[in-house]
Amino acid sequence: MRILVTGGAGFIGSYVVEQLLAKDHAVRVVDNLEGGRLDNLRAVAEHPQFEFHQTDIRDADSLGRAFAGVDWVIHLAGIADIVPSIEQPRDYFATNVQGTLNVIEAARQAGVKRIVYAASSSCYGIPDEYPTPETSPARPEYPYALTKYLGEQLVGHWGRVYGLETVSLRLFNVYGPRVRTNGAYGAVFGVFLAQKANGRPLTVVGDGTQSRDFTYVEDVARAFVMAVESDLAGEILNVGSGGHYSINRLVELIGGEVVHVPKRPGEPDCTFADTRLIRERLGWEPAIDFDDGVARMLASIDDWQDAPLWDPDSIQDATRSWFRFLGGESAC
Ligand code: UDP
């Protein structure tokens with residue numbers, strides 16, 4: 001099959017591309033290279049079944065041209081991070097909502113059969129239920145979460161109205177090598193590994209007892225491949241590791257000094273996916289456990305030396321809008 005992967009030069013996308021090529025699919029990547037990097041695609045650049053288009057999903061005309069001959073789509077292109085989404089909500093709307101509309105419209109016009117959308121577990125906000133099932137109410141807490149959720153709604157709606165087969169995968173805290181470190185403060189792995197590589201203290205938020213459903217990127221990529229190869233339609237599925245791990249546990253595995261920074265308002269004390277549905281519908285199971293995943297990241301610790309380095313002062317500056325605009329409490 002010819003599969004178009006938007007955001008294919010990004011962190012998750014580049015693993016999806018590798019796995020699709022390994023399964024003998026033809027892959028066309030669309031990426032504007034703002035968040036993504038060609039270096040992520042180094043291993044596949046010369047593959048005869050691989051094509052790259054430097055195209056922005058906000059540019060509907062160019063995007064349409066990239067869809068010729070495409071059977072299936074995996075839509076990962078988007079912008080992440082909480083603080084910039086609070087400060088520049090229009091940019092998030094333009095890329096994550098209007099950009100998604102452009103992708104599904106291009107898919108419809110090109111007669112694409114199936115689309116798999118990278119949705120976000122941030123749609124659950126601070127959930128009432130753990131592990132959190134897909135039926136939990138959507139309560140986005142900040143513009144990034146809202147725009148990813150609106151994208152999911154668009155994809156589902158296009159599925160119902162135009163007969164596209166759609167699957168949305170709600171991703172929980174994806175981590176692994178190539179995790180994005182450019183740009184805004186966020187994604188704890190990038191922050192901690194840069195600190196570790198430079199012999200600086202790890203900036204633990206609050207008391208570090210909060211936990212996340214950290215899910216290894218290769219497992220997540222495999223969920224995309226299985227979803228696009230499936231015959232599911234109109235599905236929304238959580239993708240999680242089957243557990244949740246505290247920041248203190250992560251610190252123990254990484255090792256080193258710690259410094260505490262204030263707990264941020266509006267963030268859940270726990271994220272933990274109920275993964276029964278994806279196991280049942282796709283037969284997908286996570287394969288890499290947390291200790292193993294962290295060990296794999298530590299194996300390339302030297303690569304993190306040049307990544308942006310955060311300390312309590314720069315974190316305080318970077319999270320000002322967060323403290324100003326968000327509020328709320330949660331418990332696991
Ligand atoms: N975190 C931390 N120190 C940091 C950045 C994050 O202790 O410098 C914690 C944060 O409180 C959260 C977890 O790491 O519990 C994951 O944060 P991230 O921003 O990666 O993801 P999200 O909060 O969106 O789930």
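One-based numbering, in listed order, for ligands and for the atoms of each.
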Next item on the list: Please round to the nearest 0.5 Å and tell me the distance separating atom CG of Asp56 and atom CG of Leu63.
Entry: 9.0 Å

Notebook entry, point to check: Which distance, rounded to the nearest 0.5 Å, do you find between the CZ of Arg276 and the CZ of Arg281?
Noted result: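 Rounded to the nearest 0.5 Å, the CZ-CZ separation comes out at 12.0 Å.
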
Notebook entry, point to check: Under a heavy-atom criterion of less than 4.0 Å, does Val191 contact ligand 1?
Noted result: yes

Check: Should we say atom CD of Glu257 is surrounded by more than 12 heavy atoms from elsewhere, each under 6.0 Å from it?
Finding: no

Check: Does CZ belonging to Arg200 count more than 12 external heavy atoms closer than 6.0 Å?
Finding: no

Next item on the list: Ignoring angles and geometry beyond distance, decide whether Thr271 reaches within less than 3.5 Å of ligand 1 through its nitrogen or oxygen atoms.
Entry: no

Note to self: Ile247 versus ligand 1: do any nitrogen or oxygen atoms come within less than 3.5 Å of each other?
What the structure shows: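 No; every N/O pair is 3.5 Å or more apart.
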
Next item on the list: Please determine if Arg178 forms a cation-pi arrangement with Tyr15, meaning its NZ or CZ atom is less than 6.0 Å from the six-membered ring centre and no more than 45° off the ring axis.
Entry: yes

Checklist line | Where ligand 1 meets Val204 - atom numbers and elements under 4.0 angstrom, heavy-atom basis | finding: 7 (O)

Next item on the list: Could you see which bit of Phe192 sits under 4.0 Å from ligand 1, with heavy atoms only: side chain, backbone, both or neither?
Entry: side chain

Check: Where does Lys263 meet ligand 1, judged by heavy-atom distances below 4.0 Å: at the side chain, the backbone, both, or neither?
Finding: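 None of Lys263 does.
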
Among all protein heavy atoms, pick out the one at the shortest distance from [atom]; state its residue, atom name and that distance to 0.1 Å.
atom                    : result
atom 21 (O) of ligand 1 : Asn173 ND2, 3.3 Å
atom 22 (P) of ligand 1 : Arg212 NE, 3.6 Å
atom 24 (O) of ligand 1 : Ile82 CD1, 4.4 Å
atom 3 (N) of ligand 1  : Thr203 O, 2.6 Å
atom 19 (O) of ligand 1 : Ala187 N, 3.5 Å
atom 7 (O) of ligand 1  : Val205 N, 2.9 Å
atom 15 (O) of ligand 1 : Gln210 CG, 3.0 Å
atom 18 (P) of ligand 1 : Val188 N, 3.8 Å

Next item on the list: Would you tell me which option among Tyr185, Phe214, Tyr144 has the nearest heavy-atom contact to atom 8 (O) of ligand 1?
Entry: Tyr185

Next item on the list: Assign the ring pair Tyr245 / Phe214 to parallel, tilted or perpendicular, where the plane angle (0 to 90°) is split at 30° and 60°.
Entry: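 Answer is parallel, since the angle falls under 30°.
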
Note to self: Out of the candidates Lys263, Arg212, Gln210, only one should pair with Asp269 under the side chain to side chain donor-acceptor pair (under 3.5 Å) rule; please name it.
What the structure shows: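 Option passing the side chain to side chain donor-acceptor pair (under 3.5 Å) with Asp269: Lys263.
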
Checklist line | Pair Arg65 + Asp59: basic N to acidic O under 4.0 Å | finding: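 No.
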
Next item on the list: Give the C-alpha distance, both sets of side-chain angles, the deciding distance and a yes or no for salt bridge (Lys or Arg N to Asp or Glu O under 4.0 Å) between Glu229 and Lys23.
Entry: CA-CA 10 Å; Glu229 287 181 333; Lys23 297 196 79 177; 2.8 Å; yes

Checklist line | Side chain Asp31, main chain Leu33, donor-acceptor under 3.5 Å | finding: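 Answer holds: yes.
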
